[in-house]
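Let me begin by presenting the structure, written as structure tokens, before commenting on it.
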Amino acid sequence: MQQKGAIQIIEWEDLDKRKFYSLGILMTLSTRATVYPASLIRTRLQVQKGKALYSGTADAFCKILRAEGVRGLYRGFLVNTFTLVSGQAYITTYELARRQVSRYSSSNTLKSVVAGGAASLVAQTITVPVDVVSQHLMMQGQGEHSGRFKAKSKMMLAATKRRLTFGQTRDISVQIFAADGFRGFYRGYVASLLTYIPNSALWWPFYHFYAEQLSLLAPSECPHLILQALAGPMAAATASTITNPMDVVRARVQVEGRSSVVETFKQLLAEEGLGAVTKGLSARIVSSTPTSVLIVVGYETLKRLSLRDDLVHSRHW
């Protein structure tokens, strides 16, 4: 176990992998369920033209809740649960990459940057097709302001005797494939990599940095987990602010069917000015704050619970 300042870091070789994966799935699912409404709001804010429907995060939340109910905040969530696979791929790649980099450098910052970027590359390759479908489902319910593809209503699905479970998901998927082929499911892949690789590569070193700085300011008896829980949202807000412009472009590319990241960015600036790069930022920070707290508390707790049996009695928190 590596000691970095006052914060102990549990490394890959310290873990019981069976416990780690079984508990990790539950942690990932609960985290996604908690933050999904904010992700849906962020997507709608980023894709809308100017302020055609919503003036901000709170306005979007109230209008969606009033017009579509609680279920409206979870449009596309069922298909989004398939990203549990990418979640496990992410943490595995992150831990293995840290282990590989540690052979050449003891710098925790370098290990975090490289491992965070590599983990995001692997995860996005799995996630993008699911995101493309779920984002189109998120846009349903906005009438003429929705994305390129329209899902059939539940009444229409029932009339054709199709099962309602995944009915709209299947409908959207068929339309995407018919319009763009298999490449349609990877629309915005480059934009996603340009968004999430830097975001992940920045989040981890900022997280460790803030945790270390807090440990210097906090009383010695303050539990490490509290310091880490505070450091997570701080790191998320920093990384989100830096990478938000590309996240706006990514959402536009995937939902509106654009093919050029550069042209989409130019058009966005031409139509809405520099303020466009902050669209959905507050929703992104709102969603990233509980996400970061849950990830940090959940992930650090997960690693502690997954500690190898022969190490349990030798560690003190």
Side-chain angles (χ1 to χ4, degrees), residues 1-35 83-120 122-123 126 200-201 203-216 218-236 288 290-317:
M1 186 177 297
Q2 180 181 338
Q3 179 89 20
K4 177 73 174 177
I7 303 293
Q8 290 184 318
I9 301 175
I10 301 174
E11 300 290 3
W12 181 250
E13 58 271 16
D14 301 322
L15 300 173
D16 179 327
K17 309 306 185 296
R18 182 173 54 83
K19 292 180 183 178
F20 183 69
Y21 283 116
S22 58
L23 294 173
I25 291 174
L26 294 176
M27 184 201 78
T28 304
L29 181 60
S30 60
T31 300
R32 291 188 185 280
T34 302
V35 304
T83 55
L84 287 174
V85 176
S86 68
Q88 299 309 299
Y90 180 94
I91 58 178
T92 300
T93 304
Y94 177 77
E95 294 294 344
L96 290 177
R98 279 185 62 90
R99 185 181 182 186
Q100 290 298 316
V101 175
S102 66
R103 297 180 179 180
Y104 305 98
S105 173
S106 60
S107 170
N108 189 55
T109 299
L110 180 61
K111 287 191 285 187
S112 297
V113 169
V114 174
S120 187
V122 172
I126 300 170
S200 182
W203 189 90
W204 287 101
F206 272 121
Y207 162 60
H208 290 299
F209 170 76
Y210 288 133
E212 291 161 19
Q213 295 305 307
L214 289 171
S215 71
L216 297 176
S220 57
E221 64 272 12
C222 183
H224 291 170
L225 197 58
I226 292 178
L227 302 180
Q228 292 167 321
L230 293 173
M234 294 169 67
S288 68
T291 301
S292 298
V293 173
L294 288 170
I295 286 176
V296 169
V297 174
Y299 191 58
E300 296 295 345
T301 301
L302 167 66
K303 291 173 77 174
R304 294 178 188 185
L305 292 175
S306 303
L307 203 61
R308 291 194 343 245
D309 291 339
D310 59 311
L311 297 176
V312 171
H313 298 295
S314 64
R315 306 305 181 200
H316 302 284
W317 311 104

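Quantities reported herein were computed from a predicted structural model and do not represent experimental measurements. Both backbone and side-chain heavy atoms feed into the values below; hydrogens, waters and symmetry mates do not. Throughout, numbering of the chain's residues begins at 1 and tracks the sequence.
- Tested against Arg98, the residues Asn108, Val114, Leu110 include a single side chain to side chain contact (heavy atoms under 4.5 Å, CB included) partner, Asn108.
- The closest side-chain donor-acceptor pair between Thr92 and Tyr21 falls under 3.5 angstrom.
- Between Ser292 and Trp203, the closest side-chain pair of non-hydrogen atoms falls below 4.5 Å.
- Closest approach of Val297 and Ala229 over heavy atoms only: CG2-CB, 3.7 Å.
- Heavy atoms only, all atoms of each residue included: Thr28 and Gln88 are closest at OG1-NE2, 3.4 Å.
- When atom types are taken as modelled, the side chain of Arg308 and the backbone of Glu13 share a donor-acceptor pair closer than 3.5 angstrom.
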*Show the numbers, then the answer: is there a side-chain contact (heavy atoms from CB on, under 4.5 Å) between Phe20 and Ile91?*
CA-CA 10 Å; Phe20 183 69; Ile91 58 178; 3.7 Å; yes
_The test is side-chain contact (heavy atoms from CB on, under 4.5 Å); show your working for Gln213 and Met234 and say whether it passes._
CA-CA 12 Å; Gln213 295 305 307; Met234 294 169 67; over 6 Å; no
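- Ser215 and Leu227 get closest at one heavy-atom pair: CA-CD1, 3.6 Å.
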*Taking it one step at a time, do Tyr94 and Ser200 satisfy side chain to side chain donor-acceptor pair (under 3.5 Å)?*
CA-CA 10 Å; Tyr94 177 77; Ser200 182; over 6 Å; no
_Please evaluate residues Glu95 and Lys303 with respect to the criterion side-chain contact (heavy atoms from CB on, under 4.5 Å), reporting the C-alpha separation (whole Å), side-chain torsions for both, the decisive distance (0.1 Å), and the verdict._
CA-CA 11 Å; Glu95 294 294 344; Lys303 291 173 77 174; 3.3 Å; yes
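- Under the side chain to side chain contact (heavy atoms under 4.5 Å, CB included) test applied with Thr301, the options Leu225, Leu23, Val296 reduce to a single match, Leu225.
- Of the possible donor and acceptor atoms, none in the side chain of Ser105 sits under 3.5 Å from a partner among the backbone N and O of Ser102.
- Nearest heavy-atom pair, Pro233 versus Val293, reported as atom, atom and distance to 0.1 Å: CG-CG2, 3.4 Å.
- Taking 4.5 Å as the limit, every side-chain heavy atom of Leu305 sits out of range of all side-chain heavy atoms of Lys19.
- Taken to the nearest 0.5 Å, the NE2 atom of His224 stands 11.0 Å off from the CD1 atom of Ile226.
- Leu307 contributes atom CG, which lies 7.0 Å from atom CG of Leu15 (distance to the nearest 0.5 angstrom).
- Under the 3.5 Å distance criterion, the side-chain polar atoms of Ser120 are left unmatched by any main-chain donor or acceptor of Gly116.
- To the nearest 0.5 angstrom, Glu300 atom CD is 6.5 Å from Ile10 atom CD1.
- In this structure, Tyr299 and Trp204 have perpendicular ring planes: the angle between them is above 60°, well past the 30° mark.
- The minimum heavy-atom distance between Ala218 and Cys222, with the atom names listed, is CB-CB, 4.1 Å.
- Under a cutoff of 6.0 Å and an axis angle of 45°, Lys17 and Trp12 form a cation-pi pair.
- Atom NE2 of His208 sits about 8.5 Å away from atom OG1 of Thr109, to the nearest 0.5 Å.
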